Amino acid sequence: MADVRERLLAWYDEHARVLPWRVPPNNRATPDPYRVWLSEVMLQQTTVAAVKDYFARFTERWPTVAELAAAEEADVLSAWAGLGYYARARNLIACARVVADRGGLFPDSEEDLRELPGVGAYTSAAIAAIAFDRRAVVVDANVERVISRLFAITEPLPTSRPAIREAADRVTPERRAGDFAQAMMDLGATICTSREPRCLLCPLSDVCEARAMGIAGDLPRKIAKKARPARTGTAFWIERDSHVLLVQRPGKGMLGGMRALPDDGWNARADGNGKAEFAVRQGDPLGAVTHGFTHFTLTLSVLRAELAGSEPEGEWWPISQIGEAGLPTLFARAAQTALA
DNA sequence: TACTCGTGGGC
DNA sequence: TGCCCAAGAGT
């Protein structure tokens, strides 16, 4: 175990990725917990490449947790548009306000961090280790992959999670736990990749049990996933005086709280009914977009329409500025189709 | 526990 | 192309 720790940290000292939210190894400076927290939330199920620009925009606009806490919720949701998993943005605001009420200081223990909205087992451990130099066992998908291979854990995920966590606990050092966690993630992202691991470049290859068995690329095994159903829905493009009608989606559920085109109530379990929630006269079809969500695929038809009754709740957004509406990608593409 | 919840990139 | 995958959390 000791050599695994030391060699991984030595590898990290040499090869750590340079990232906007990261303090380089061997730098005594402690990273700003606000920036660590913000980056960790953005990075949940999201690639580094996708996060970089969002992180830059957020930290420029809201340099401290107090400023983020004071922001309008709609502005934060708009700034998050396109990054996905919008519950993260709602929890981000709630968490910022909790922390601001504590004087702007994040809790410094894994246990207390875990109580914050949107901060789960992984994120609380990561913040405690990276921002507060606490020993914490940080387990994300990278760590699961590296540990599965290092110890040749052939039982499939998610059943193997407890065994993976125990093994990760055994290799986590008392000191530099934050660097160790980031080293594991860098190794998983650049060397111990899910497909075609680069074992020849790996500092742990000679102690890797899966490598010795010739099965590194086959681990971790996973339980087969269910097929994704295909759904259909309709969105309505309603113009008036060079503006288009946008609505706000319900606070929970798909794309919760986000600005959107009016639609027909499609969801993961049912097709839309083809009708708007308010009276319209349907006009010409303007096209369709197919969009893949995690657990279903949606084909959304875009129809021109006119209001045929009382004024619905919503806002008339200038079409020339539709790019600044903060539409999630599905509706941004639908708007693009309508305007093509 | 198992399901819900986005998006873009790689092959 | 269709499928897999990514610094998971909430319920």
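As the structure is a computational prediction, the values presented were derived from the model and not from experiment. Side-chain atoms are counted along with the backbone in the values below, which use heavy atoms only and exclude waters and symmetry mates. Note on naming: letters A, B, ... go to the chains in the order of the sequence lines (proteins, then strands), and numbering restarts at 1 for each one.
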Write down the distance separating the P atoms in C:dT1 and B:dG6, rounded off to the nearest Å. 24 Å

NZ on A:K222 to CG on A:L157, rounded to 0.5 Å: 6.5 Å

Taking the nucleotide of DNA chain C with the closest heavy atom to each, which residue, A:M185 or A:K252, is nearer the 5' end? A:M185

Anything under 3.5 Å between a donor and an acceptor, one on a side chain of residues 328-340 of chain A, the other on a protein residue two or more places apart or in another chain? List them.
from	atom 1	to	atom 2	distance (Å)
A:R333	NH1	A:T290	O	3.1
A:R333	NH1	A:H291	ND1	3.2
A:R333	NH2	A:T290	O	3.3
A:T337	OG1	A:R333	O	3.1

Distance between P atoms of C:dA7 and B:dA2 (Å, rounded): 24 Å

Show the nearest heavy-atom pair for residues A:P117 and A:C95, with the distance to one decimal. O-CB, 3.6 Å

On DNA chain B, does the nearest nucleotide to A:P158 precede the nearest nucleotide to A:A50 from the 5' side, or the other way round? Give the residue. A:P158

Tell me: CZ of A:R228 to P of C:dC4, nearest whole Å? 9 Å

Over all strands shown, is A:P117 touching base, sugar-phosphate only, or nothing at heavy-atom distances under 4.0 angstrom? sugar-phosphate

Whole Å only: how far is the CD1 atom of A:I164 from the P atom of C:dA7? 14 Å

Between A:A49 and A:M254, name the one whose nearest nucleotide on DNA chain B is closer to the 5' end. A:M254

Comparing A:G188 and A:V119 on DNA chain C - which has the more 5′ nearest nucleotide: A:G188

Among all residues two or more places apart in sequence or in another chain, which pass the ring-ring contact (aromatic ring centres under 6.0 Å, His included) test with A:Y54? none

Under 4.0 Å between a side-chain N/O of A:S39 and OP1 or OP2 of C:dA7, yes or no? no

Looking at every strand, decide which applies to A:L330 at a 4.0 Å heavy-atom threshold: base, sugar-phosphate, or nothing. sugar-phosphate

May I have the distance from A:F180 (atom CZ) to C:dA7 (atom P), rounded to whole angstrom? 16 Å

Using atom CG of A:L113 as one end and atom P of C:dA7 as the other, report the distance to the nearest whole Å. 21 Å

A:D218 CG to C:dC5 P, straight-line distance once rounded to whole Å: 12 Å

Please measure how far the P atom in C:dA9 lies from the corresponding atom in B:dG8, and state the result in whole Å. 22 Å

How would you give the extent of chain A contacts on DNA chain B, as first and last nucleotide 5' to 3' within a 4.0 Å heavy-atom cut-off? B:dC3 to B:dG8

Applying side chain to side chain contact (heavy atoms under 4.5 Å, CB included) to A:R61 and A:L68, what does each step give before you reach the verdict? CA-CA 8 Å; A:R61 186 167 178 182; A:L68 182 59; over 6 Å; no

For A:L19, report the nucleic acid contact type (base, sugar-phosphate, nothing); a contact means any heavy atom under 4.0 Å. base

CG of A:L92 versus P of C:dG10: gap in Å, rounded? 12 Å

Looking only at atom C1', what distance separates B:dT1 and C:dA6, rounded to whole Å? 23 Å

Rounded to whole Å, please give me the gap between CH2 in A:W37 and P in C:dG8. 17 Å

Mind calculating the distance between NE2 (A:H295) and C1' (C:dA9) to the nearest angstrom? 15 Å

Can you classify the ring geometry of A:W266 versus A:F296 as parallel (below 30°), tilted (30 to 60°) or perpendicular (above 60°)? tilted

Check: A:Q44/A:R88 side-chain N/O donor and acceptor closer than 3.5 Å: no

Base, sugar-phosphate alone, or nothing: which one does A:A268 contact when heavy atoms must sit under 4.0 Å apart? sugar-phosphate

Is there a side-chain contact between A:W11 and A:D186, using heavy atoms and a 4.5 Å cut-off? yes

C:dG8, OP1 or OP2 - any side-chain N/O from A:Q45 closer than 4.0 Å? yes

Looking for any heavy atom pair under 4.0 Å, which part of the strands does A:A141 touch: base, sugar-phosphate only, or nothing? sugar-phosphate

Is any side-chain N of the basic residue among A:R161 and A:E144 closer than 4.0 Å to the acidic one's carboxylate O? yes

Would you classify A:T329 as touching base, sugar-phosphate or nothing, given that sugar-phosphate means primed atoms plus P, OP1 and OP2, and contacts are heavy atoms under 4.0 Å? sugar-phosphate

Can a donor-acceptor pair under 3.5 Å be found between the side-chain atoms of A:R17 and the base atoms of C:dA7? yes

Distance between the P atoms of B:dC5 and C:dG2, in whole angstroms? 23 Å

Is A:R145 close enough to C:dA6 that one of its side-chain N or O atoms is under 4.0 Å from OP1 or OP2 there? yes

